Amino acid sequence: MENNQQDLNVLIKRRFEELEELKAKGFEPFPYSFDVNSSSEWILNNFRDGEDTSVSIAGRIMTIRRMGKASFAHIQDDKGRIQIYLKKDDIGESYDAFKLLDIGDIIGVTGYVFKTKTGEISVHVRELKLLSKSLRPLPIAKEVTDEQGNKIIFDQFADKELRYRQRYVDLIVNPEIRDTFIKRSRIVSSMRKFLDSRGYLEVETPVLQPIYGGAAARPFLTHHNALNTTLYLRIADELYLKRLIVGGFNGVYEISKDFRNEGMDRTHNPEFTMMELYVPYKDYEWMMQFVEQMLYEISMEVFGKIDFEYNGLNINFSVPWRRLSMVESIREKTGMDILSASIDELKGAARGKGIETSADDTKAGIIDEIFSTLVQPELIQPTFIIDYPVELSPLAKRHRSKEGLVERFEGYVGGKEICNAFSELNDPLDQRQRFEDQSRMREAGDQEAHQRDEDFLRALEYGMPPTAGLGIGIDRLVMLLTNQSSIRDVIFFPQMKPEA
RNA sequence: GGGCGCGUAGCUCAGGGGUAGAGCAUCUGCCUUUUAAGCAGAGGGUCGGUGGUUCGAAACCACCCGCGCUCACCA
């Protein structure tokens, strides 16, 4: 350890020296606890001139202004920052210790609240205790607030790679990212409250699965030594949650990490968070109203509004959302009826709109391509696209009146898909047939085709009630509600290549 | 995977064949209500890595590593 210091830069070396000096003077650099009875936020909101308010607060030193025998500093706690004032006359030998402290050190102070000449509410320190010595320099930025109250930050810590790799530093110095993650937590908490209040049971199902299913995606593989068998990290929770509906629960949901072994970009991280909900005796019509109401209530509870700006667009979560059938949406763009048109006619229509096609494209594939290129970008206000071709939806129930379609909807907001739901397929014979169709697609080279799950079929054969199911991508919902354009900015530790 | 861009001090960045730069941060001295505190001085670098071209490379070339944007793939 001692030898390693030779490799450290002068800033870090200096801090190791300060650490030793503090120890030599009898100050413990890493003590065990400190009694906190207030916060920066509370003090700033509750200070009244003339009152003698005594407080104990703790936080990280973010600025220091030393003036010989007195100093000002700001400390940052969970709620924000507050200025502290230290005077040699008041704290004696602790002032010598303070001279050895740096930006980044964590301290506890006890003192009384006052207002400085320039009007800033501050804590006049009577006692100072070092709580943790920081050995690395923080990439600290200076801030100033102008006359209009706008915060101007100089040389803000901005390197994306460092921010993602060292999120702990990012969280210390960039308050906005902190706010985004607090919002994320509140959104999830609000959703959980909404689901719990309706009596649905939060459950946990396997992450390690012998057969993966519930979505079209390539999985991560792992190996269980004792069983000497391949296991897959789940790509979805769907098939296990439906087993629980077979088991008789009156509505179950799970908020979980799913894993998909695919490319990464600003809307895809290899592990991501999904909420899936299954409610017996309901259908997709009911689920649409449920989703509308849930997003309305989350918006109001977390943000106090239903109007959002996303990516320069104005989004409004009024109920009800627009509904448009997949067939109709494509007819509007191409004049084609996807149900009656041949695959060649569809390819012609696609090429006419500048969409490339290839010989091995399936009809469902072309339809998906036309939809995502021509229709999806225009779905700015919350919209349900309903009734999908059966080929695209091997786990959804056939439409009660429209041949070749299933009762499925996806919710689109700001041109992005945020949820997927259907009347769940509960006919075990039809489900077996759909798995067999998937097997043929797999044999034809589709690596993302669903695997047949015999145990799931067995469960359906015992009988599953008619059920409505829903999946919501939490990361993308948070992006939408917090106006973030990259999924990496709503995941604390996004996937990165290992450091060299 | 393709295209474009980036990588220089702890942070933010300039420099573009001829001794490695600035602001903030750090250190020393002065300073007991400052706030991008101030004044005076000082220290700090594998210029992402490896090869090459050249008398001489941070710079030019090649390859590699990492990151960003974008397209493709992908619910």
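Here the structure is a predicted model, which is why all the values come from computation and not from measurement. We name chains A, B, ... by the order of the sequence lines, and we start the count at 1 in each one.
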*asked:* Checking base pairs now: Watson-Crick or wobble, both atom distances under 3.5 Å. What partners G68(B)?
replied: C4(B)
*Using distance alone, with no hydrogens and no angle criterion, decide if S39(A) and D77(A) have a side-chain donor and acceptor under 3.5 Å apart.*
no
_Closest listed nucleotide, where the reference is the side chain of I103(A) and the choices are A25(B), A37(B), C71(B)_ = A25(B)
*Which part of the nucleic acid does E369(A) contact within heavy-atom distance under 4.0 Å: base, sugar-phosphate only, or nothing?*
nothing
*Stepwise, does the salt bridge (charged side-chain N to carboxylate O under 4.0 Å, His left out) test hold for D78(A) with R178(A)?*
CA-CA 10 Å; D78(A) 187 45; R178(A) 192 185 156 78; 2.4 Å; yes
*asked:* By the 4.0 Å heavy-atom rule, please label L162(A) as base, sugar-phosphate, or nothing.
replied: sugar-phosphate
*Please check if the side chain of D90(A) supplies one atom and the backbone of R126(A) the other of a donor-acceptor pair under 3.5 Å.*
no
*Is E262(A) touching bases, backbone alone, or none of the nucleic acid, heavy atoms closer than 4.0 Å?*
sugar-phosphate
*asked:* Tell me whether the side-chain N or O atoms of D265(A) pair up with the base of C73(B) as donor and acceptor below 3.5 Å, since no angle test is needed here.
replied: yes
*Can you tell me the distance, in whole Å, between the NZ atom of K497(A) and the P atom of G68(B)?*
10 Å
*Verify whether the ring centers belonging to F384(A) and Y284(A) lie closer than 6.0 Å.*
no
_Whole-angstrom distance between U53(B) and C61(B), as gauged at atom C1'_ = 7 Å
_When both hydrogen-bonding distances must be under 3.5 Å and the geometry is Watson-Crick or G-U wobble, what is G51(B) paired with, if anything?_
C61(B)
*Which of the following nucleotides, G68(B), G43(B), C11(B), is nearest to the side chain of V10(A)?*
G43(B)
*asked:* Just by distance, no angles: are the side chains of Q83(A) and T116(A) close enough, under 3.5 Å, to form a donor-acceptor pair?
replied: no
*Across the strands shown, which category fits A141(A) at heavy-atom distances under 4.0 angstrom: base, sugar-phosphate, nothing?*
nothing
_For a quick check, tell me whether the side chain of Q156(A) and the base of U12(B) share a donor-acceptor pair closer than 3.5 Å._
no
*Consider the side chain of K142(A), meaning its heavy atoms from C-beta on, and name the nucleotide among U26(B), U32(B), C24(B) that approaches it most closely.*
C24(B)
*asked:* Between U50(B) and A58(B), how many Å separate the two C1' atoms, rounded to a whole number?
replied: 15 Å
*Donor on one side chain, acceptor on other, D489(A) and Y164(A), under 3.5 Å*: yes
*Rounded to whole angstrom units, what separation is found between the CG atom of D446(A) and the P atom of C74(B)?*
9 Å
*Residues, nucleotides or ligands: over 12 heavy atoms within 6.0 Å of R81(A) CZ*: yes
*asked:* Which nucleotide wins on minimum distance to the side chain of D159(A), given the candidates U12(B), G66(B), U34(B)?
replied: U12(B)
_Using Watson-Crick or G-U wobble geometry with both distances under 3.5 Å, which nucleotide pairs with U32(B)?_
none
*Using Watson-Crick or G-U wobble geometry with both distances below 3.5 Å, tell me the partner of C27(B), or none.*
G41(B)
*Could you tell me the separation between the CZ atom of R65(A) and the P atom of A36(B), rounded to a whole number of Å?*
8 Å
*Identify which nucleotide among C67(B), U33(B), G44(B) has an atom closest to any side-chain atom of F114(A), counting heavy atoms from C-beta outward.*
U33(B)
*Counting side-chain heavy atoms from CB outward, which of U34(B), C67(B), C31(B) is closest to K69(A)?*
C31(B)
*asked:* Heavy atoms from C-beta onward define the side chain here; which of U34(B), U26(B), C67(B) lies closest to that of E161(A)?
replied: C67(B)
_Nucleotide U33(B), atom C1' - distance to CD1 of I121(A) in whole Å_ = 15 Å
_Please give the distance between the P atoms of A59(B) and G48(B) as a whole number of Å._
8 Å
*What is the pairing partner of U12(B), taking Watson-Crick or G-U wobble pairs with both distances under 3.5 Å in any strand?*
A22(B)
_Atom P, compared across U46(B) and A37(B): separation rounded to whole Å_ = 29 Å
*From the options C11(B), U28(B), C69(B), select the nucleotide whose nearest atom is closest to the side chain of R14(A).*
U28(B)
*Quickly work out the L11(A) CG to A25(B) P distance and round it to whole Å.*
12 Å
*Whole Å only: how far is the CG atom of N9(A) from the P atom of U46(B)?*
9 Å
*Taking atom P of G68(B) as reference, at what distance in whole Å does atom CG of D170(A) sit?*
13 Å
*Just by modelled atom types, is the A396(A) backbone N or O under 3.5 Å from a matching donor or acceptor in the R434(A) side chain?*
yes
*asked:* With rounding to the closest Å, how many angstrom separate the C1' atoms on U8(B) and A57(B)?
replied: 14 Å
*Round to the nearest Å and state the distance from I140(A) atom CD1 to U12(B) atom P.*
13 Å
*Relative to the 5' end of RNA chain B, which residue comes earlier, D89(A) or A158(A), by the nucleotide with the nearest heavy atom?*
A158(A)
*Inter-nucleotide C1' distance (C11(B), A25(B)), Å rounded*: 8 Å
_Selection from C11(B), C71(B), U26(B) that lies nearest to any side-chain heavy atom of R266(A)_ = C71(B)
*Just call it for Y95(A): base, sugar-phosphate, or nothing, with non-hydrogen atoms closer than 4.0 Å on any strand.*
nothing
_Classify E448(A) by what it touches in the nucleic acid, base, sugar-phosphate, or nothing, heavy-atom distance under 4.0 Å._
sugar-phosphate
*Which residue lies toward the 5' end of RNA chain B, Y85(A) or R488(A), if each is placed at its nearest nucleotide?*
Y85(A)
*For A22(B) versus G41(B), give the span between their P atoms, rounded off to a whole number of Å.*
14 Å
*G51(B) and A9(B), which share atom name C1', separated by this distance in whole Å*: 27 Å
_Tell me whether R184(A) forms a cation-pi arrangement with F492(A), defined as NZ or CZ under 6.0 Å from the six-membered ring centre and within 45 degrees of its axis._
no
*Does R66(A) make a side-chain N or O approach to OP1 or OP2 of A37(B) shorter than 4.0 Å?*
no
